[in-house]
Amino acid sequence: MHSFSYRANAVVTFAVTILAVMCGMASLSDNFNSPSPTADVKVLNINWFQKQPNGNDEVSLTLNISADLSSLFTWNTKQVFVFVAAEYGTPQNALNQVSLWDGIIQSKEHAKFWIHTTNKYRFTDQARCSMPLFASGNNLRGKDFNLTLHWHIMPKTGKMFADKIVMTGYSLPEEYR
Amino acid sequence: MDWQGQKRAEILMQIMLVVSAVAAFGVGYTIGSFRTMMLAYAGGVVLTTLITVPNWPFFNRHPLKWLDPSEAERHPKPQVNSAAASSKKKAVKHK
């Protein structure tokens, strides 16, 4: 600790190292939080269901999404990214996931919400062109699908947690309308 | 600063930083405010800097005793042997 600049350097270095340790501990404290979120998505209406010119099936839905994600927030949470995805299986692919809606929740007060909306992103099933004779985007007719509410808890420092709630029992009509 | 003062300054700095970190984390965690933790810690760091970095008088309580000038004259510094040094240089060149 010979000179002013030596001591100043020592203080700064040690302070920053301790800061890193504090942030690590803050992130670890998130593990003590046991969240209990609830969610419910209702399909209020199938607005239309068509085959597009490029061969894909596309459907437009009106959804009512209500959720209580306030137990996900801790002192170390910056924001929660939440999205609703439709999941279904086809003969070509066991799992298809299409994101229908997403949002960012920035505080615990906004985490208990209710939104009535059409799907923000297009719900389409894409035709694969590798075997032109079999190119069928006909997969959505009469299809049963799950709607899953996923969330990513984005921290101020440290580890990000992600989880989901799966809701089953939705299906699309047999014929185009 | 003298030697004792330097040691005191170092120990004081380490203890103050750790204590302010622990206190800041405790308060922040209990209140549930990350911002409070950061502000409290920043305050602690500034306080530590103000106390340990500048050359305060209380760090100079055991000053070093330098020799008086009259004492130093009686014990002159040894002279460097310049003749021996130059002959060494000549030997290296001939190699």
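Numbers restart at 1 for each chain; the letters A, B, ... are given by sequence-line order, proteins then strands. What you see below is based on every heavy atom in this structure, not just the backbone, and it leaves out hydrogens, waters and symmetry mates. None of these values were measured; they are calculated from a predicted model.
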With a strict 4.5 Å heavy-atom criterion, list every residue of residues 38-47 of chain B that contacts chain A, or say none. B:Met38, B:Tyr41, B:Val45

A:Val166-A:Phe83 co-clustered via ILVMFWY side chain contacts under 4.5 Å: no

Check whether any side-chain heavy atom of B:Asn55 lies under 4.5 Å from a side-chain heavy atom of A:Phe4, and answer yes or no. no

Heavy-atom cut-off 4.5 Å, strictly under: side chain, backbone, both or neither for B:Val18 against chain A? both

Surrounding CZ of B:Phe58 (heavy atoms of other residues, nucleotides or ligands, distance under 6.0 Å), is the total greater than 12? yes

May I ask whether A:Ile46 and A:Phe123 are part of the same hydrophobic cluster, defined by side-chain heavy atoms of I, L, V, M, F, W, Y residues being less than 4.5 angstrom apart, directly or through others? yes

Checking heavy-atom separations under 4.5 Å from chain B, one finds in residues 97-114 of chain A none

Shortest non-hydrogen contact from B:Ala21 toward A:Ile18: CB-CG2, 3.3 Å

Quick check on the hydrophobic clustering: are A:Tyr170 and A:Ile165 connected, directly or via other members, by side-chain heavy-atom contacts under 4.5 Å? yes

Please flag which part of A:Phe32 lies under 4.5 Å from any non-hydrogen atom of chain B: side chain, backbone, both or neither. side chain

Please say whether more than 12 non-hydrogen atoms of neighbouring residues, nucleotides or ligands are located less than 6.0 Å from NZ in A:Lys159. no

Exceeds 12 heavy-atom contacts within 6.0 angstrom, atom CH2 of A:Trp48: yes

Out of curiosity, does A:Ile115 fall in the hydrophobic cluster containing A:Leu69 (side-chain heavy atoms, cut-off under 4.5 Å, transitive links)? yes

Determine the minimum heavy-atom distance between B:Leu17 and A:Val11, stating which atoms define it. CD1-O, 3.9 Å

Same hydrophobic cluster for A:Val84 and A:Met167, using side-chain heavy-atom links shorter than 4.5 Å among ILVMFWY? yes

Enter the distance from B:Met37:CE to A:Met22:CE here, rounded to the nearest 0.5 Å. 4.0 Å

Taken to the nearest 0.5 Å, the spacing of A:Phe14 CZ from B:Glu10 CD works out to 9.5 Å

Does the plane of the ring in A:Trp75 sit parallel, tilted or perpendicular to the ring in B:Tyr29? Use 30° and 60° as the thresholds. perpendicular

